[in-house]
2 protein chains.
Amino acid sequence: MKKLTISAIAELAGVSKATVSRVLNGYPHISQELREQVEAIIAETGYQPNQVARSLASDRSNIIGLVIPKGTDAVFLDPYFPALTNGITQVSNNNSLTLALFIFHSEQEGHDTIKSIVNTGLLDGLILTTDRVTLDRTTDPFVPQLIERDMPFVMIGRPDNLQDDIIFIDTDNAEGGYLATRHLIDLGYQRIATISSKHNSAGDDRLAGYRKALDESDIAIDWALVAYGDYTLESGYKGMKKLLPQQPDAVFVASDTMALGALRAIQEVGLKVPHDIAIVGYDDLPPAIQATPQLTTVRQDVETLGGMAVEMLLDAIRGDKSGIRHVFLSSKLIIRDSCGAVQKQA
Amino acid sequence: MKKLTISAIAELAGVSKATVSRVLNGYPHISQELREQVEAIIAETGYQPNQVARSLASDRSNIIGLVIPKGTDAVFLDPYFPALTNGITQVSNNNSLTLALFIFHSEQEGHDTIKSIVNTGLLDGLILTTDRVTLDRTTDPFVPQLIERDMPFVMIGRPDNLQDDIIFIDTDNAEGGYLATRHLIDLGYQRIATISSKHNSAGDDRLAGYRKALDESDIAIDWALVAYGDYTLESGYKGMKKLLPQQPDAVFVASDTMALGALRAIQEVGLKVPHDIAIVGYDDLPPAIQATPQLTTVRQDVETLGGMAVEMLLDAIRGDKSGIRHVFLSSKLIIRDSCGAVQKQA
DNA sequence: TTCTCATCTGAAACCGGTTTCAGATACTGT
DNA sequence: ACAGTATCTGAAACCGGTTTCAGATGAGAA
């Protein structure tokens with residue numbers, strides 16, 4: 001079967017290429033008669049315009065890129081990226097966008113690729129994710145290039161150095177930290193510790209939420225009850241080890257993975273959760289349910305996050321400056337067994 | 001900054017577009033002098049050719065597609081797809097390929113998208129994955145279309161109805177099943193059960209490996225010791241419940257997730273692993289290490305799988321018929337605690 | 001010296017669409 | 001009936017590259 005081109009269709013329909021193009025793109029001023037004539041031929045032949053030629057002529061590829069700047073490890077240690085990707089593809093599909101995936105396995109690779117992405121004009125826009133685990137991400141190396149080249153992009157995760165003209169979406173980490181801590185306070189715990197993480201906005205914000213909840217209840221912050229980890233299970237374990245001598249009766253841990261480590265530390269010294277120490281985690285990953293006891297945790301709707309990112313990017317590509325440029329998505333507290341709420345009610 | 005085009009470069013270098021194009025593509029018959037002249041300008045300006053125009057003219061986009069035909073759930077319940085994606089992007093990056101990701105959230109969506117993928121000529125080729133969990137995948141709806149349209153593709157996972165002209169790569173599931181079972185036999189277990197899965201080639205092959213190992217040791221297969229699951233934790237749990245009355249002293253479970261379920265079932269009735277019943281799993285997912293006891297399991301190198309798939313696809317795109325068309329990747333037994341090997345040695 | 005032939009280069013066609021521009025037609029209002 | 005305007009359509013230019021083709025140049029052979 002030979003390839004169908006717009007010229008072939010034009011000939012078959014007895015009109016010009018221009019007319020076929022106009023029908024294809026739903027232009028207004030076309031007589032009903034011709035339009036139907038052309039549409040009939042298109043339906044009959046199953047013609048679909050060549051995407052590449054279209055891109056060249058219209059300077060729009062309908063391809064957006066998803067940038068994940070990290071190698072092996074983190075990408076699949078937790079379902080964050082898969083969930084995100086899922087949300088993104090869903091909305092992309094609905095908008096007839098093609099998603100190009102860029103995973104960088106080294107900094108050099110990222111550098112080179114971004115450069116060529118920007119220069120070769122294949123993409124209409126980019127969604128940038130940041131490494132959630134990296135402790136120092138003060139400077140995203142790509143952003144200046146993108147801005148200089150006028151490449152529309154949206155960031156997932158609040159950039160550390162907040163610039164007003166950068167479009168981003170994030171979960172409301174401060175709210176999440178607040179909800180978790182508030183919940184523990186409401187349950188009557190007195191010495192509420194936390195394991196957070198330094199040097200990244202998510203950790204900072206969750207800690208800020210923790211402090212706000214304490215403040216609200218006129219509980220002075222006790223820095224001996226604050227430990228830091230790096231989102232790994234080990235760091236949660238070590239953090240809890242450090243906190244245990246302070247005899248907290250509850251702990252808000254800024255990630256489920258760390259919470260699992262903390263849980264292990266607690267159980268190792270013979271204490272019971274939630275009876276002796278209550279735990280609230282963060283993320284609501286599958287292991288949270290599999291743990292014993294099941295983890296009370298803060299759930300972020302990562303899929304929605306991804307979907308909204310695509311929509312915001314589309315606005316930016318269309319040049320719609322009126323669109324929403326900064327979004328903080330609400331989080332939700334999922335109450336299970338590790339916080340003791342269930343037991344207290346019973 | 002105005003966009004650089006090949007014409008601009010040609011003018012700057014004082015040559016024709018054609019010459020610049022030839023330099024760009026490393027054509028042979030160009031005088032050293034002109035070549036250097038052009039290269040100097042290119043380096044100076046940082047010019048990079050427009051990918052879209054190039055695609056249109058050369059009928060090659062350097063974009064390949066990765067098709068994942070499934071919705072939400074399975075994509076992130078296990079790290080299979082993330083690992084696969086990782087391997088694929090790695091090799092893609094090395095070959096200056098762009099990877100387009102297609103995740104279908106419904107059958108209809110998949111159908112429509114494939115159609116337009118094939119027709120609009122944006123992609124050079126496709127990597128097709130199959131739903132590992134789906135029980136009935138006898139017919140892949142895309143394959144006939146792809147063949148008809150001459151779209152190069154490679155399948156990941158052996159197609160059920162093996163056609164010689166289809167390029168595919170898979171892990172050697174039969175070997176994996178064999179290794180696991182053989183190991184249990186060598187450890188002296190007598191009543192070795194298995195939980196496999198029906199209606200998909202991976203399950204079939206793992207079971208075949210199990211049978212081969214038994215055969216080799218002249219152990220007659222006892223169908224009462226064979227249960228089936230669907231790769232979920234629950235199905236592993238149920239499968240084991242069914243097997244327990246048969247009093248097996250070991251069980252080969254065709255997925256780690258199911259093995260975890262089986263483990264729970266065993267522990268629930270007060271039996272100890274590996275003392276009372278040994279377990280060998282499959283996949284070597286992170287939970288395998290977190291389990292107590294740690295799971296002995298069969299590891300598949302999914303990343304390599306993805307990488308090789310890209311290379312095979314490249315061969316196919318280049319029209320290289322001599323390339324390898326069917327690959328079965330070796331698996332490896334990872335010995336930990338749940339099989340009892342460690343204890344027996346001590 | 002002259003004729004071939006290989007090597008190198010540029011003009012122009014081409015890939016398959018979109019978009020500008022101007023001409024044709026039909027529809028107003030006077 | 002006629003100018004003026006709105007609506008519709010096609011020819012041709014254009015997007016930014018690649019590739020064909022033929023002409024120019026220079027080296028080697030006769």
Side-chain angles (χ1 to χ4, degrees), chain A residues 1-39 41-42 45-63 96 98 116 118-124, chain B residues 1-39 41-42 45-63 96 98 116 118-124:
Chain A
M1 168 177 327
K2 64 198 166 304
K3 273 178 296 188
L4 285 172
T5 68
I6 199 176
S7 305
I9 300 298
E11 198 165 333
L12 284 173
V15 299
S16 70
K17 284 164 52 175
T19 300
V20 178
S21 174
R22 287 193 263 255
V23 170
L24 244 26
N25 296 291
Y27 271 55
H29 300 307
I30 292 242
S31 68
Q32 193 59 22
E33 188 190 340
L34 274 196
R35 160 164 280 127
E36 279 167 7
Q37 194 169 322
V38 172
E39 278 170 349
I41 298 287
I42 290 177
T45 56
Y47 164 72
Q48 298 199 257
N50 178 308
Q51 200 54 46
V52 176
R54 218 172 196 186
S55 303
L56 180 59
S58 64
D59 203 30
R60 269 295 203 76
S61 66
N62 286 310
I63 305 178
S96 303
T98 296
S116 90
V118 169
N119 286 325
T120 62
L122 179 61
L123 269 47
D124 287 347
Chain B
M1 170 180 320
K2 65 199 164 302
K3 271 178 298 187
L4 286 171
T5 69
I6 199 174
S7 305
I9 300 298
E11 198 166 333
L12 285 173
V15 298
S16 70
K17 285 165 51 176
T19 299
V20 178
S21 174
R22 286 192 265 255
V23 170
L24 244 27
N25 296 289
Y27 271 54
H29 302 305
I30 292 241
S31 68
Q32 193 58 23
E33 189 192 337
L34 274 195
R35 159 164 281 126
E36 281 166 7
Q37 194 170 321
V38 172
E39 278 170 349
I41 299 287
I42 291 177
T45 56
Y47 165 73
Q48 298 199 258
N50 179 307
Q51 199 55 46
V52 176
R54 221 172 194 185
S55 301
L56 179 59
S58 64
D59 205 27
R60 270 293 202 77
S61 66
N62 287 309
I63 305 177
S96 305
T98 297
S116 90
V118 169
N119 286 325
T120 63
L122 179 61
L123 269 49
D124 287 347

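In what follows, chains are A, B, ... by sequence order, proteins preceding strands, each numbered from 1.
Recorded end-axis angle for the helix from C:dT1-D:dA30 to C:dT30-D:dA1 stands at 40°, based on five pairs per end and rounded to 10 degrees.
Residue B:Ile30 comes nearest to B:Leu34 through the heavy atom pair CG2-CB, 4.4 Å, listed as atom of the first residue, atom of the second, then distance. For the residue pair B:Ala10 and B:Val20, the shortest heavy atom distance occurs at CA-CG2, 3.6 Å. Smallest separation of non-hydrogen atoms from A:Ser55 and A:Ser61: OG-CA, 3.4 Å. Minimum heavy-atom separation, A:Gly121 to B:Val52: O-CG2, 3.9 Å. Of all non-hydrogen atoms in A:Lys17 and A:Ile6, the two that sit nearest each other are O-CD1, 3.7 Å.
A:Ser31 comes within 4.0 angstrom of sugar-phosphate atoms only, judged by non-hydrogen atoms across all strands, and of no base. In this structure, A:Val15 reaches the sugar-phosphate backbone alone: every heavy-atom distance under 4.0 Å involves primed, P, OP1 or OP2 atoms, never a base. Residue contacts for A:Asp59: at a heavy-atom cut-off of 4.0 Å it reaches no nucleic acid atom on any strand shown. Residue contacts shown for A:Leu56 include a base, since a base heavy atom lies under 4.0 Å away.
Ranked by how close their nearest DNA chain C nucleotide is to the 5' end, B:Ile30 and A:Thr5 are led by B:Ile30. Checking B:Val52 against B:Thr19, the closest nucleotide of DNA chain D that is more toward the 5' end is the one next to B:Val52. Heavy-atom nearest nucleotides on DNA chain C were determined for B:Ser16 and for A:Tyr27, and the one closer to the 5' end corresponds to B:Ser16.
More than 12 non-hydrogen atoms from other residues, nucleotides or ligands lie less than 6.0 angstrom from CD of B:Glu39.
Boundaries of the chain B contact region on DNA chain D are D:dG16 to D:dT20, first to last in 5' to 3' order (nucleotide atom under 4.0 Å from a heavy atom).
Side-chain atoms of B:Leu122 and A:Arg54, non-hydrogen and from C-beta on, never get closer than 4.5 Å to each other.
Atom OG1 of A:Thr5 is separated from atom OH of A:Tyr47 by 7.0 Å, given to the nearest 0.5 angstrom.
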